[in-house]
Amino acid sequence: MFDTLQSYLSQKALVSANEFSELLPFLAFKQVPRGAFLFWAGDICHHHFFVQKGLLRSYTIDESGKEHILQFAPENWFIADRSSYYFNEPSAINIQAIEDTEVAMLEKGFIEKALEVSRSFRAYHEKMLQNHVRHQQIRINMLLSATAEKRYRYFTDTYFDLTLRVPQWMIASYLGITPESLSRVRKELARRHE
């Protein structure tokens with residue numbers, strides 16, 4: 001049931017099979033059908049979610065009803081509302097399945113226990129947190145100052161296999177541009193590569 005997560009933690013964080021067995025009490029498994037919600041805005045986030053199979057998105061809705069996609073989470077990605085999780089406050093985000101998805105739900109005690117039982121997980125966790133902050137800074141800078149083309153290139157570098165799995169309007173939402181602008185960018189890039 002958690003083979004994908006165990007393999008990921010073994011490769012990335014050097015968590016041994018014995019260490020992983022100590023973490024099992026802090027895990028739950030969930031199947032989320034395409035279009036269903038894993039988490040709603042207004043709820044308090046009690047888990048980190050690891051995508052074993054499928055694809056999730058997190059997004060907010062502004063006062064005019066427009067969606068703003070914050071993150072995509074394909075296989076081997078984590079997703080959560082960190083602010084809600086760590087500060088026990090209602091979330092502003094929704095997490096929805098774009099495809100039929102299987103997730104490992106990491107309860108609050110998971111990370112604390114992993115930090116306790118695995119020295120290598122401690123180093124991995126620190127690196128993951130710093131990487132998350134780095135990507136958030138890049139994304140904010142992109143949204144504030146980059147051209148639509150540069151934003152799209154960053155998207156394809158970050159989520160290199162998602163352009164065929166995600167509807168174009170969702171990619172446009174993630175980039176903070178209109179679907180029409182995205183279409184123009186894609187046509188221009190295709191023209192230059194011909």
Side-chain angles (χ1 to χ4, degrees), residues 4-5 8 11-13 32-41 45 48-86 91-103 124-194:
T4 306
L5 176 60
Y8 176 89
Q11 292 172 12
K12 301 287 186 180
V32 189
R34 180 180 183 228
F37 286 82
L38 183 60
F39 184 77
W40 290 92
C45 187
H48 279 88
F49 306 102
F50 177 80
V51 179
Q52 298 195 129
K53 177 184 175 189
L55 177 61
L56 300 172
R57 69 176 178 136
S58 67
Y59 69 95
T60 61
I61 301 175
D62 67 21
E63 291 178 3
S64 66
K66 184 178 178 184
E67 291 184 10
H68 302 277
I69 295 179
L70 306 173
Q71 180 187 353
F72 294 103
E75 292 84 0
N76 295 321
W77 279 57
F78 290 93
I79 190 169
D81 181 338
R82 290 179 165 281
S83 179
S84 176
Y85 181 89
Y86 285 104
S91 176
I93 70 168
N94 300 286
I95 299 178
Q96 183 183 34
I98 298 173
E99 302 171 352
D100 290 343
T101 302
E102 297 176 359
V103 295
Y124 165 77
H125 186 254
E126 176 66 22
K127 184 177 179 182
M128 190 172 75
L129 286 174
Q130 297 303 329
N131 194 42
H132 177 75
V133 171
R134 178 174 66 105
H135 280 287
Q136 290 295 329
Q137 289 175 336
I138 291 169
R139 182 148 157 69
I140 290 166
N141 188 48
M142 287 276 182
L143 289 171
L144 292 174
S145 62
T147 64
E149 180 180 323
K150 191 169 181 180
R151 291 182 207 179
Y152 181 70
R153 286 181 181 275
Y154 179 72
F155 173 85
T156 58
D157 289 345
T158 304
Y159 298 110
F160 56 90
D161 66 338
L162 293 192
T163 55
L164 299 177
R165 294 172 66 184
V166 175
Q168 294 303 298
W169 70 266
M170 286 188 187
I171 295 174
S173 172
Y174 176 84
L175 298 175
I177 61 177
T178 65
E180 295 77 17
S181 294
L182 176 57
S183 180
R184 283 192 294 274
V185 166
R186 288 167 53 95
K187 283 178 186 171
E188 177 61 21
L189 288 172
R191 184 189 66 76
R192 279 193 239 145
H193 287 97
E194 291 178 350

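Index from 1, following the sequence.
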Donor-acceptor contact below 3.5 Å, side chain Glu75 vs main chain Gly54: yes
If you define the side chain from C-beta out and look only at heavy atoms, does anything of Asn94 sit under 4.5 Å from Phe39? no
Spacing of Gln168 atom CD and Ser183 atom OG [to the nearest 0.5 Å]: 8.0 Å
Is the closest side-chain heavy-atom distance between His48 and Arg82 below 4.5 Å? yes
Between Ser91 and Asp81 (side chain of the first, backbone of the second, donor and acceptor by atom type, cut-off under 3.5 Å), is there such a pair? no
Looking only at heavy atoms, what is the nearest atom pair of Pro33 and Ala97, with distance? O-CB, 3.4 Å
Starting at CD1 of Ile93, measure out to CD1 of Ile69 and round the result to the nearest 0.5 Å. 12.0 Å
About how many Å separate CH2 of Trp40 and CD1 of Ile95, when rounded to the nearest 0.5 Å? 12.0 Å
Using side-chain contact (heavy atoms from CB on, under 4.5 Å) as the criterion, list what pairs up with Asp161, not counting sequence neighbours. Arg165
Under a 4.5 Å cut-off applied to non-hydrogen side-chain atoms, are Ile140 and Leu144 in contact? yes
Pairs flagged by ring pair (Phe, Tyr, Trp, His ring centres under 6.0 Å) wherever residues 169-189 is involved - sequence neighbours left out: Phe72-Tyr174, Phe155-Tyr174, Tyr159-Tyr174
Could you tell me whether the side chain of Tyr154 reaches within less than 4.5 Å of the side chain of Leu175, counting heavy atoms only? no
Residue pair Arg153 / Leu189: nearest heavy atoms and the distance that separates them: NH2-CD2, 3.0 Å
Might you work through the side-chain contact (heavy atoms from CB on, under 4.5 Å) test for Gln96 and Leu56, ending with a clear yes or no? CA-CA 6 Å; Gln96 183 183 34; Leu56 300 172; over 6 Å; no
Taking the basic N atoms (NZ, or NE/NH1/NH2) and the acidic carboxylate oxygens, is any pair closer than 4.0 Å for Glu99 and Arg57? no
One pair to check against side-chain contact (heavy atoms from CB on, under 4.5 Å): Ile177 and Arg151. What are the steps and the verdict? CA-CA 9 Å; Ile177 61 177; Arg151 291 182 207 179; 3.7 Å; yes
Angle between ring planes, Tyr8 versus Phe78, binned at 30° and 60°: parallel, tilted or perpendicular? perpendicular
Taken to the nearest 0.5 Å, the spacing of Arg139 CZ from Thr158 OG1 works out to 9.5 Å
Compare every heavy atom of Cys45 with every heavy atom of Ala80, then report the nearest pair and how far apart it is. CB-SG, 4.2 Å
Decide yes or no on side-chain contact (heavy atoms from CB on, under 4.5 Å) for Phe50 and Asn76, but give the supporting numbers first. CA-CA 7 Å; Phe50 177 80; Asn76 295 321; 3.3 Å; yes
Beyond-backbone contact of Gln71 with Ser58, side-chain heavy atoms, under 4.5 angstrom: yes
Measuring from His68:NE2 to Asp62:CG, what's the distance to the nearest 0.5 Å? 3.5 Å
Rounded distance (nearest 0.5 Å) linking atom NE2 of His135 with atom CD of Gln130: 12.0 Å
Shortest non-hydrogen contact from Pro74 toward Leu162: CB-CD2, 4.0 Å
On a heavy-atom basis, the closest approach of Ile171 and Thr163 is CD1-CA, 4.2 Å
Check the pair Thr178, Leu182 against side-chain contact (heavy atoms from CB on, under 4.5 Å), reporting the backbone distance first and the verdict last. CA-CA 6 Å; Thr178 65; Leu182 176 57; over 6 Å; no
Checking Arg186, Arg184, Arg192 against Glu188 for side-chain hydrogen bond (donor to acceptor under 3.5 Å, both in side chains), the one that qualifies is Arg192
